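Quick notes on the structure that follows.
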Amino acid sequence: METSLLTVDHRHIWHPFTQMKEHEQDPPVLVTGAEGCDLLLEGGRRVLDGISSWWTNIHGHGHPRLVEAMGRQGARIDHVMFAGFTHAPAIELVARLQPKLPPNLTRCFFSDNGSTAVEVALKMAFQAQLQQGRAGRTRFGALAEGYHGDTLGAVAVGELDNFLTGIFRPLLAACDRLVVPEDPRRELHPDLDGWDAKLAGALEDVRAFFAEHGDRMAAFIAEPLLQAAGGMRMWPVEVLRELRTQCDRHGVYLILDEVMTGFGRTGTLFTYGQSEVEPDFMCLSKGLTGGILPLSLTWTTDEVYGRFWGDYADGLAFLHGHSYTANPLACAVACAGLRLFDEEPVLARAQALGAAMREAWGGLADHPAVRRTRSLGTVVACQVVDPATGRPHLAAERFPWKFHRKGLDHGLLVRPIGDCLYLMPPLATPPERIPEAVATIRRLLDEA
Ligand SMILES: Cc1ncc(COP(=O)(O)O)c(C=O)c1O
């Protein structure tokens, strides 16, 4: 049975982020079950989901309350179009979530993945500028090394030199990129020599960037404090605050992409809360449903909403939507996940998990292959070098893939991004599981 499944997979399925030729020798692994913080693989292997299944899983796989909410909702309304109709799960979701957000974010637009949440924010920001007579705001600003998804708008504001996305350059909206430094204060063994001057320089760079590009940008987008796909780059809160100041000064909307950082991942429910910065748009997805169903939200302000207010004849409406906008099952599961945050000490448990991760990860710092161990909430990361050269492994060595495959043999799902090795298990992972996971990583590094 399993063999025939893989045969059909091989014949017909094109997997994401994959050079399919690699699967000729090394086929995809059949997942047969998911329980709590573990995945069950064909042949009976059990692995810790050390990257939360692409950063989605929060409460653990198959959480009974989320699964029950899905079943209950399925029996009531499975799906209905969201133009001209509404339903209780969507209404309950926004009512539960809005008080947890920056108070200025009062208006919510539904879509179904992180990329579309970003597309919506970009399009709304552009149109809102246009509708206040600023037709020249045709560009976006973004952080270098950012990642916001794989649709063309999201690619336009991401780092084009990663993931081969540069080839799409001729098709993309115009974007200027601001380089920001990583924050050494997140490192477990920081060297803060010269940091004050570097930080002052970074703030000056923000001001210079806006002086040059500020009057032609519709919006500036950033992943708050943690650029995940860019290689778990943890950047300074002071820079985020300066971005807010400069956006205000230059009439540029600030979009915070909390698709990955939301729902407790960095230690607070949302990461903006660590900065007191209130964005004009916030994009949420991934952990929104606890990692069970696709759903996303783009939140914005009354000010932006007001720019679209009028009669059809005025041509102001935001004419955007998706077939599965506000899918009731996904909304019901998201509500159940938020109820867990309210009724159980999810964040306190995440803090205990984060502390266990930081402590265990610190023990890797003396490994000859490891540089710059760092942590933020329940994310720990480091850079891996070839101990023989002290430099990152050559791309041709396929270090991240080999490390990932070996990890599965040792009971751990990890998937380095280039030379960045990180661990980001579900928030519900028992802290006692962490020392073993980090010991496994040490063994894998010894063998790499
Ligand atoms: C910060 C950020 N934004 C957007 C996305 C895109 O989300 P999706 O993969 O659901 O389209 C991701 C995905 O990793 C992300 O990390």
Side-chain angles (χ1 to χ4, degrees), residues 15-18 49-58 109-125 140 142-160 162-165 168 172-173 175 177 180 219-235 240 243 254-266 270-272 279 281-299 320 322 324-327 330 333-334 376-379 381 400 413 415-418 420 422 424 426:
H15 287 265
F17 283 118
T18 300
D49 186 355
I51 60 169
S52 297
S53 286
W54 265 347
W55 318 339
T56 56
N57 199 280
I58 299 290
F109 195 93
F110 284 80
S111 58
D112 41 36
N113 61 70
S115 306
T116 54
V118 168
E119 295 284 339
V120 166
L122 296 174
K123 286 177 70 180
M124 266 186 191
F140 295 102
L143 297 185
E145 308 287 341
Y147 176 77
H148 301 285
D150 285 332
T151 53
L152 286 178
V155 166
V157 292
E159 174 63 57
L160 297 182
N162 297 341
F163 308 124
L164 306 178
T165 41
F168 295 109
L172 301 178
C175 179
R177 288 178 184 75
V180 291
F220 190 99
I221 185 167
E223 298 155 84
L225 306 189
L226 175 62
Q227 294 184 287
M232 300 302 154
R233 298 184 83 251
M234 297 168 190
W235 57 281
L240 179 53
L243 283 173
L254 178 63
I255 304 170
L256 289 187
D257 175 353
E258 292 238 24
V259 166
M260 181 264 135
T261 54
F263 301 97
R265 197 66 79 178
T266 66
F270 299 107
T271 303
Y272 85 90
F281 293 88
M282 188 188 279
C283 305
L284 301 174
S285 188
K286 291 195 187 273
L288 174 61
T289 61
I292 290 197
L293 284 171
L295 184 70
S296 62
L297 304 175
T298 306
W299 284 87
H320 180 114
H322 300 279
Y324 285 100
T325 293
N327 172 256
V333 170
L376 177 60
T378 54
V379 181
L413 167 52
R415 207 178 141 118
I417 304 168
C420 171
Y422 71 95
M424 191 196 300

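Heads up: numbering here begins at 1 and tracks the sequence. Owing to the predicted nature of the structure, the values given are computational and were not obtained by experimental measurement. Whatever order the structure lists them in is the order used to number ligands and atoms, beginning at 1.
The protein heavy-atom contact nearest to atom 14 (O) of ligand 1 is K286 NZ, 3.0 Å. With hydrogens left out, the protein atom closest to atom 2 (C) of ligand 1 is D257 OD2, 3.4 Å, a heavy atom. Scanning the protein heavy atoms around atom 15 (C) of ligand 1, the nearest turns out to be Y147 CD2, 3.9 Å. Nearest protein heavy-atom neighbour of atom 8 (P) of ligand 1: G114 N, 3.5 Å.
At least one heavy atom of W55 sits less than 4.0 Å from an atom of ligand 1. Ligand 1 has no atom lying under 4.0 Å from any heavy atom of E258.
The distance from ligand 1 to the heavy atoms of M260 drops below 4.0 Å at these ligand atoms: 16 (O). Listed by number with element, the atoms of ligand 1 under 4.0 Å from a non-hydrogen atom of E223 are 1 (C).
I58 has its side chain within reach of R265: a pair of non-hydrogen atoms, C-beta onward, lies under 4.5 Å apart. For the pair F263/L284, a side-chain contact is recorded, criterion being any heavy-atom separation below 4.5 Å from C-beta on.
One finds the CH2 atom of W55 at 5.0 Å from the OH atom of Y422 (value rounded to the nearest 0.5 Å).
Contact between R415 and F17 at its shortest, heavy atoms only, is NH2-O, 4.0 Å. When all heavy atoms of W54 and K286 are compared, the closest pair comes out as O-NZ, 3.0 Å.
When G158, S285, S115, A222 are checked for heavy-atom proximity to atom 11 (O) of ligand 1, S115 turns out nearest.
Taking the six-membered ring for Trp and the full ring otherwise, the centers of W299 and F270 sit at least 6.0 Å from each other.
Looking at N57 and S53, their side chains never bring a donor and an acceptor atom within 3.5 Å of each other.
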